[in-house]
Trainee: 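Pasting a structure here, questions to come.
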Protein chains: 2
Amino acid sequence: MPQYAIGLDYGTNSCRSLLVDISDGKEIGSFVFDYPSGELGILTDPKDPNVARQNPQDYLDGLEIIIRGAVEEAVSSRPDFSPSEIIGIGIDTTGSTPIPVDETGTPLGLKPEFRDNLAAMVWLWKDHTAHAEAQEITETASQMRPQYLAKCGGIYSSEWWWAKILHLKRTSPEVFDAAHSFVEHCDYIPAVLAGNTDPLSLRRGVCAAGHKAMYSDTWGGLPDKEFLEALDPALAQLRERLFETAVSAGEKAGGLCAEWAQKTGLSEGTAISVGAFDCHMGAVACGVKEGTLTKILGTSTCDITVSSTERELEDIPGLCGIVDGSVLPGHYGIEAGQSAVGDIFLWLVNHLVPDTYGSSAEEKFTNMENAMGRQNPGASGLLALDWNNGNRTILVDSRLSGLLLGQTLHTEAHEIYRAYIEATAFGALTIIKRMEEHGIAIHEVITTGGLAVKNASLMQIYADILGRPLKVASSDQTCALGAALFGATASGQVKLGDVQGQCTNVRGITYQPIPEHQAIYTRLYSLYLELHDSFGTEKTDGRLDHVMKELIEIRESQR
Amino acid sequence: MPQYAIGLDYGTNSCRSLLVDISDGKEIGSFVFDYPSGELGILTDPKDPNVARQNPQDYLDGLEIIIRGAVEEAVSSRPDFSPSEIIGIGIDTTGSTPIPVDETGTPLGLKPEFRDNLAAMVWLWKDHTAHAEAQEITETASQMRPQYLAKCGGIYSSEWWWAKILHLKRTSPEVFDAAHSFVEHCDYIPAVLAGNTDPLSLRRGVCAAGHKAMYSDTWGGLPDKEFLEALDPALAQLRERLFETAVSAGEKAGGLCAEWAQKTGLSEGTAISVGAFDCHMGAVACGVKEGTLTKILGTSTCDITVSSTERELEDIPGLCGIVDGSVLPGHYGIEAGQSAVGDIFLWLVNHLVPDTYGSSAEEKFTNMENAMGRQNPGASGLLALDWNNGNRTILVDSRLSGLLLGQTLHTEAHEIYRAYIEATAFGALTIIKRMEEHGIAIHEVITTGGLAVKNASLMQIYADILGRPLKVASSDQTCALGAALFGATASGQVKLGDVQGQCTNVRGITYQPIPEHQAIYTRLYSLYLELHDSFGTEKTDGRLDHVMKELIEIRESQR
């Protein structure tokens with residue numbers, strides 16, 4: 001009897017489903033739902049570019065639509081398919097994306113009294129309003145609990161759980177008071193499907209908890225009360241209204257409840273996996289293993305690799321976290337990433353590329369890629385930093401900004417586009433070098449995401465700059481595929497390793513570094529590193545690390 | 001009997017005439033001729049953005065057309081006007097813009113055998129190909145003849161006479177060998193009109209010679225043979241085929257020859273003034289005097305002030321020169337400038353502003369200025385360096401490039417435009433500060449040029465950043481007006497001081513600094529200075545002054 005699983009992938013601008021035959025990974029149904037709220041699904045504040053929130057209603061509206069859509073497509077593409085053959089549902093989301101909820105687990109943003117309150121909405125991963133609180137958490141932890149900090153790269157980020165909750169408490173105390181608890185987006189969706197959103201008993205994933213909320217079994221779960229008390233007594237009280245344990249994806253979060261079985265047409269009781277972040281599940285669908293780095297190249301990037309728990313692992317400064325079981329069982333999941341990659345290109349094409357390149361964004365990208373193909377590396381004289389949305393790894397600093405250097409009176413838009421592609425690749429190389437300095441050898445890079453599939457110019461530049469062959473995962477939807485694999489695993493009927501082997505592969509094309517390009521890029525990278533260290537660290541003499549911060553301060557005071 | 005004079009102003013993209021009633025400065029006739037060759041009159045080389053040449057034929061074609069055009073307009077606007085009432089002709093041009101000529105003074109670029117040879121064309125002021133030779137001249141002079149260097153700011157520029165000629169000799173020896181002599185554009189046009197282009201006897205202006213060719217009466221004219229020999233024996237030989245003395249504008253270069261009297265309809269023998277650079281003559285028409293800085297705000301800027309020769313003057317590092325009589329008799333002319341101002345805005349609007357701001361460049365500028373008017377200073381978080389075409393004053397370094405810092409994912413084109421306006425104003429402030437540090441107090445700033453007249457947003461930002469009231473000269477065509485005043489003076493019938501008093505004035509509007517803006521700009525300026533010093537000087541620790549140069553080297557090797 002055939003077995004299927006469904007993966008639900010909640011991205012930044014939309015959510016999608018993928019219905020997979022787990023015997024061979026064939027994708028027989030899929031559906032996408034664009035979040036209707038805000039700007040491409042993001043609620044922003046014109047006064048503060050750090051704000052990025054979401055409307056929880058978008059998640060629920062999408063949930064029904066994408067499951068139904070995938071099932072309908074499967075039914076029409078494979079007539080003998082029956083929804084009852086779906087053995088499990090897996091869910092991945094962005095993160096850290098905390099949701100303030102009431103005692104029943106209802107997101108405050110769904111309640112009439114908070115509907116127009118940005119603070120009561122979902123705090124999307126890329127919300128950077130909590131930079132001051134992140135710094136405070138870093139300082140407090142470095143004094144009181146250095147072990148907490150060591151496992152998340154030495155610097156706590158404004159993108160993460162505690163910083164966001166503390167900022168909410170400081171700036172919108174009425175919302176904080178109304179919030180009985182907080183739930184990560186990736187834990188909320190499984191809870192909804194399982195029909196139990198009670199914040200004290202719903203199952204929490206170790207991926208979010210371990211990478212973003214300083215959770216570890218080695219110190220008894222969440223950070224201790226004394227530490228939280230030092231940050232804010234309210235956080236210490238909140239600890240009791242959160243959770244004691246967090247488990248790996250692939251564990252069962254529950255069975256599909258009657259209400260959602262009816263809404264979606266799936267069988268009641270279908271296994272639902274504990275949730276995890278998109279890139280972690282995507283890594284599994286890319287075939288992540290020791291020595292293999294997987295890169296999801298999208299609006300931002302997420303880099304994931306794993307290291308067997310049989311071997312002692314050093315702490316790695318600047319990485320987003322090292323968490324036992326956050327990706328594969330028996331392995332530490334190691335996460336890094338860049339705060340903006342595709343987002344920088346989208347900003348450029350939408351705000352700074354004239355119509356001589358085409359009338360649509362797509363046409364402009366194509367024509368710019370064609371034009372840049374006719375130029376050698378280094379021929380523009382440009383060099384950029386990839387910090388338009390801060391630097392997640394290895395500086396963990398959201399109070400940085402973009403830099404473009406080398407313009408003449410002849411510089412053209414496609415040259416700037418290329419400089420930004422190169423900047424993001426230099427950022428990616430900096431992450432690999434940091435891993436290797438701390439004993440994580442990277443022999444192979446497997447990419448996935450829209451840019452990996454569609455942008456051959458970018459992929460060749462990345463291969464040249466990373467100095468490693470670049471492969472591309474077979475699936476167009478690795479995150480959703482990974483979620484489906486975890487959904488299947490939660491049924492208890494299959495093992496993750498087996499379905500990973502059956503359902504994942506790479507494409508025929510591999511991008512090989514071109515030696516002459518590598519030579520030029522080696523020179524450019526050493527200049528990139530000088531700018532990186534001058535503007536981003538305290539380690540150079542005559543350092544300029546205060547420049548971007550002071551400009552951001554002035555910007556904030558003048559808006 | 002009424003008296004008129006005609007001024008001829010040769011700019012970067014066009015030349016124009018202005019026919020002036022010298023009793024009151026009324027402008028009764030004018031005509032513009034756009035140079036037809038190349039891109040907006042400039043011959044470029046796609047392989048090297050440093051190349052900027054012109055076709056001498058454009059100058060001659062324009063000469064006849066603009067004089068005739070002004071006379072025709074005058075005849076129709078003032079019926080009792082007669083061309084015989086024109087008592088003098090004055091000429092200003094860009095510079096240093098040397099022209100290789102044969103024994104008869106014919107530009108090599110006019111000769112059939114050189115018509116397609118860029119090296120035989122006119123070397124426009126903004127040609128930066130001679131950067132290596134400029135550095136060599138600086139080094140040789142600092143060892144052998146520091147006094148030569150001290151009078152032109154301590155660094156010889158790639159924009160200047162000897163660097164260009166030496167580069168020509170090195171890179172196109174066949175053109176150098178064919179060149180019997182070299183003539184500045186501003187000396188060539190008077191010579192043509194006077195009917196004597198013999199390079200050994202045509203009158204040369206001290207403005208070009210003193211500011212760009214290291215000419216000074218204090219050391220006997222041009223640099224001595226021993227010094228030139230050290231640079232290249234060919235230059236020492238060339239010295240004999242150049243000139244012994246150079247004189248101030250307002251001296252008579254000759255009388256209008258029969259041929260050009262016939263071509264233009266003016267009277268044979270009409271006095272022709274010795275030529276000078278546009279900004280020097282423009283400064284006179286702005287009313288330059290001690291304590292008054294005049295700024296011509298155009299594609300580049302030129303800043304001129306004067307200091308009485310009765311007072312000893314310190315050398316001022318980084319300025320373009322201090323030359324006795326180059327602006328007003330009895331005064332040192334003091335010149336500074338920025339290599340690109342309007343050119344940066346034109347680059348931006350032509351290459352990086354999407355059509356959402358409008359379909360024409362003009363519409364885009366207007367809409368960007370409206371949009372920036374709604375934002376406070378500093379609200380964009382952006383900061384730029386104004387070095388897209390190098391830095392003329394105070395760094396005298398063409399091997400620098402642009403820098404833009406502070407971009408987010410929300411930065412818009414009009415914010416970048418404003419950041420570049422601010423950057424050029426910070427550059428302008430740096431020049432004033434350098435003058436004041438060396439005893440040249442600036443009490444008043446009078447501006448002229450297209451940007452001063454048309455761009456109120458820019459003028460307010462400049463007033464806020466310079467911290468001084470900004471006035472605007474009455475004439476729209478101050479360079480041509482200044483040229484006309486010198487033309488009149490050359491007749492011997494009037495004195496320069498008198499016609500300056502009669503014909504120049506400022507407009508009713510004065511831009512006053514806004515104190516709250518000044519406070520923000522003071523903070524931004526200190527950050528600008530840090531970037532300026534880090535990337536442009538050797539004076540900071542952990543300096544980055546090699547970054548732009550290395551990128552330019554890579555660029556050159558990869559094109």
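Sequence lines set the chain letters: A, B, ... in the order given, protein chains first and strands last, and positions in each chain run from 1. Predicted model, so just to flag it, every value in this text is computed and none were measured.
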Trainee: In terms of heavy-atom pairs under 4.5 Å, which option from A:L385, A:L382, A:L404, A:I552 contacts chain B the most?
Mentor: A:L404

Trainee: Taking side chain as everything from C-beta outward and backbone as N, CA, C, O, which of these in B:E516 sits under 4.5 Å from a heavy atom of chain A? Side chain, backbone, both or neither.
Mentor: neither

Trainee: Would you mind telling me which of A:Q375, A:E412, A:E556, A:K364 has the largest number of heavy-atom pairs within less than 4.5 Å of chain B?
Mentor: A:E412

Trainee: Out of curiosity, A:L527 CG to B:K549 NZ, how far, rounded to the nearest 0.5 Å?
Mentor: 12.5 Å

Trainee: Answer yes or no: are there more than 12 heavy-atom neighbours, outside A:E363 itself, under 6.0 Å from its atom CD?
Mentor: yes

Trainee: Out of A:V353, A:I344, A:L383, A:I520, return the one with the most heavy atom pairs under 4.5 angstrom to chain B.
Mentor: A:I520

Trainee: What residue in A:L352, A:N376, A:N389 has the most heavy-atom pairs under 4.5 Å with chain B?
Mentor: A:L352

Trainee: Please look at A:L400 and chain B and tell me whether the side chain, the backbone, both or neither of the residue comes under 4.5 angstrom of a heavy atom of that chain.
Mentor: neither

Trainee: Which atoms of B:T408 are under 4.5 Å from chain A, going by heavy atoms: the side chain, the backbone, both sets, or neither?
Mentor: both

Trainee: To the closest 0.5 Å, what do you measure between CG (A:L551) and CG (B:L405)?
Mentor: 6.0 Å

Trainee: In terms of heavy-atom pairs under 4.5 Å with chain A, which of B:G402, B:S380, B:G390, B:G378 leads?
Mentor: B:G402

Trainee: Minimum heavy-atom separation for B:L409 and A:W347, please, with both atom names.
Mentor: O-CD1, 3.3 Å

Trainee: Return the option, out of A:A384, A:A379, A:G381, with the maximum number of heavy-atom pairs under 4.5 Å with chain B.
Mentor: A:A379

Trainee: Which heavy atom in B:G406 sits nearest to a heavy atom in A:S401, and how many Å separate them?
Mentor: CA-OG, 3.1 Å

Trainee: Which value, rounded to the nearest 0.5 Å, describes the distance between A:Q407 atom CD and B:M548 atom CE?
Mentor: 8.0 Å

Trainee: How many angstroms lie between CG in B:L403 and CG in A:L403, if you round to the nearest 0.5 Å?
Mentor: 4.5 Å

Trainee: Would you indicate whether the side-chain heavy atoms of A:R523 and B:E553 approach each other to under 4.5 Å?
Mentor: yes

Trainee: Can you tell me how far the OH atom of A:Y521 sits from the CD1 atom of B:I554, to the nearest 0.5 Å?
Mentor: 11.0 Å

Trainee: By a 4.5 Å heavy-atom criterion (distance strictly below it), what part of A:E39 contacts chain B: side chain, backbone, both, or neither?
Mentor: neither

Trainee: About how many Å separate CD of A:E530 and CD of B:E550, when rounded to the nearest 0.5 Å?
Mentor: 7.5 Å

Trainee: Chain B heavy atoms under 4.5 Å from A:A340: which part of the residue, side chain, backbone, both or neither?
Mentor: side chain

Trainee: Is the side chain of A:Q558 donor-acceptor paired with the backbone N or O of B:P377 at a distance under 3.5 Å, no angle test?
Mentor: yes

Trainee: Would you mind checking which part of A:T411 comes under 4.5 Å of any heavy atom in chain B, side chain (CB onward), backbone (N, CA, C, O), both or neither?
Mentor: both

